[in-house]
Amino acid sequence: MIGEEARKDLLDALGDRVQFEAPMSRQTSLRIGGPADALAKPATRDELQAVLRICRRYALPQTLIGSGFNCLVADKGIDGVVINLRKFRELQERPGPAIYAEAGVSHSAITRFCTDRGFTGMEFAAGIPGTVGGWIMMNAGIGVREQKDVALEVGIVSPDGTGEESIGRSALDFRYRELRGLPDGAVVISALFGVEKSSKEAVKAEVDRLLAHRSSTQPLDVPSCGSVFRNPEGDFAGRLIEQAGLCGERVGGAEISTVHANFIANRGGATAADVLALIGRAQSQVQERFGITLQREVHVMGRTE
Ligand SMILES: Cc1cc2nc3c(=O)[nH]c(=O)nc-3n(C[C@H](O)[C@H](O)[C@H](O)COP(=O)(O)OP(=O)(O)OC[C@H]3O[C@@H](n4cnc5c(N)ncnc54)[C@H](O)[C@@H]3O)c2cc1C
């Protein structure tokens with residue numbers, strides 16, 4: 001719950017860019033999630049810093065969300081303020097060549113930008129849905145390439161909203177689907193990506209090839225959050241789930257995909273509880289059959305019991 005004074009301060013700072021009791025099912029690709037006490041969409045650095053200061057002043061929990069492509073939000077919603085940076089969309093060419101992108105820039109905008117200019121290096125990310133903020137925090141990638149291979153610098157705002165700094169590549173501790181080493185609760189505001197000059201045709205051909213491969217191997221026509229589990233060392237979570245005979249397994253509206261067993265699809269009306277039950281079932285069956293503990297890749301957020 002957000003008290004009257006904090007509500008008023010949020011409204012003063014953001015006007016109609018803050019919404020109370022905001023359904024998170026509209027902010028996540030799984031189309032699941034109860035209400036956030038508040039959803040803030042600051043449009044400037046001053047507004048972002050104001051929101052962070054209000055959270056600090058009233059001890060409100062703050063949660064960052066990009067496009068919600070890797071999030072499972074609890075049915076009971078999220079305490080405090082969910083901050084969405086999708087209004088931060090500046091995208092520029094920089095010397096190097098390099099690309100400066102604010103946190104809210106989407107995967108499709110970057111792909112278009114690189115293709116139009118014939119910049120190579122980021123084709124791998126064309127089919128990884130989300131925003132620059134989410135990509136960086138997740139070290140999003142495919143087998144051969146990840147954010148760690150292209151990120152030269154990451155801009156962050158401190159969690160209390162007092163300052164902004166740039167963190168260079170050598171201090172960025174990218175791991176498998178995570179970035180460590182940022183101050184707790186830091187907000188990614190931008191990133192600088194290194195690219196190389198190629199031709200428009202070559203970049204487009206590689207993007208098309210990767211997108212075609214994706215659409216033949218992933219269920220892209222149903223709401224999902226991509227891979228639910230991290231791949232265990234030397235193996236694939238999808239292979240283990242498939243071998244455990246769980247393809248097509250359902251709980252309520254949630255289903256383990258028959259196209260890619262590491263995806264859980266919302267077949268209509270699925271709840272977070274349904275998805276969590278399927279996650280638990282996959283974990284226990286894979287553990288029983290193969291002695292392997294599957295770790296979640298999807299971020300579970302909010303009021304889970
Ligand atoms: C069909 C499909 C295919 C996918 N394929 C891939 C793939 O091939 N490879 C891969 O790696 N992923 C894949 N994903 C997962 C997803 O696309 C990535 O994790 C992506 O990086 C999520 O970006 P997002 O902006 O939606 O982040 P969100 O899901 O909104 O957030 C992810 C995490 O980052 C944090 N966060 C977001 N923005 C910020 C910010 N500005 N500052 C601080 N923290 C922030 C959030 O709190 C959360 O913990 C796929 C998902 C789907 C649905």
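Atoms within each ligand, like the ligands themselves, are counted from 1 in listed order.
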Using salt bridge (charged side-chain N to carboxylate O under 4.0 Å, His left out) as the criterion, list what pairs up with Arg45, not counting sequence neighbours. Glu102, Glu164
Sorted by chain and residue number, the salt bridge (charged side-chain N to carboxylate O under 4.0 Å, His left out) partners of Asp12 (sequence neighbours excluded) come out as Lys8
Would one find more than 12 heavy atoms of other residues, nucleotides or ligands at under 6.0 Å from atom OH of Tyr176? yes
Donor-acceptor pair, Ser227 side chain versus Phe229 backbone, under 3.5 Å? no
In chain order, what residues pass the side-chain contact (heavy atoms from CB on, under 4.5 Å) check against Pro97, with sequence neighbours excluded? Phe119, Val195
Considering only N or O atoms, set out every pair between ligand 1 and the protein closer than 3.5 Å, with distances to one decimal place.
unit_1   : atom_1 : unit_2 : atom_2 : d
ligand 1 : 5 (N)  : Arg214 : NH1    : 3.1
ligand 1 : 8 (O)  : Arg214 : NH1    : 3.3
ligand 1 : 8 (O)  : Arg214 : NH2    : 2.9
ligand 1 : 9 (N)  : Gly141 : O      : 2.7
ligand 1 : 11 (O) : Gly141 : N      : 3.0
ligand 1 : 11 (O) : Gly141 : O      : 3.4
ligand 1 : 11 (O) : Arg177 : NE     : 3.1
ligand 1 : 17 (O) : Pro129 : O      : 2.5
ligand 1 : 21 (O) : Gly134 : O      : 3.3
ligand 1 : 21 (O) : Trp135 : N      : 3.4
ligand 1 : 25 (O) : Ser67  : N      : 3.1
ligand 1 : 25 (O) : Thr131 : N      : 2.8
ligand 1 : 25 (O) : Thr131 : OG1    : 2.6
ligand 1 : 26 (O) : Ser67  : N      : 3.2
ligand 1 : 26 (O) : Gly68  : N      : 3.1
ligand 1 : 26 (O) : Phe69  : N      : 2.9
ligand 1 : 29 (O) : Phe69  : N      : 3.2
ligand 1 : 29 (O) : Asn70  : N      : 2.8
ligand 1 : 30 (O) : Gly66  : N      : 2.7
ligand 1 : 30 (O) : Ser67  : N      : 3.4
ligand 1 : 30 (O) : Gly68  : N      : 2.8
ligand 1 : 41 (N) : Val188 : O      : 2.9
ligand 1 : 42 (N) : Val188 : N      : 2.9
ligand 1 : 47 (O) : Leu64  : O      : 2.6
ligand 1 : 49 (O) : His299 : ND1    : 2.6

Contact summary for Ala254 and Ala270, nearest pair of heavy atoms: N-CB, 3.6 Å
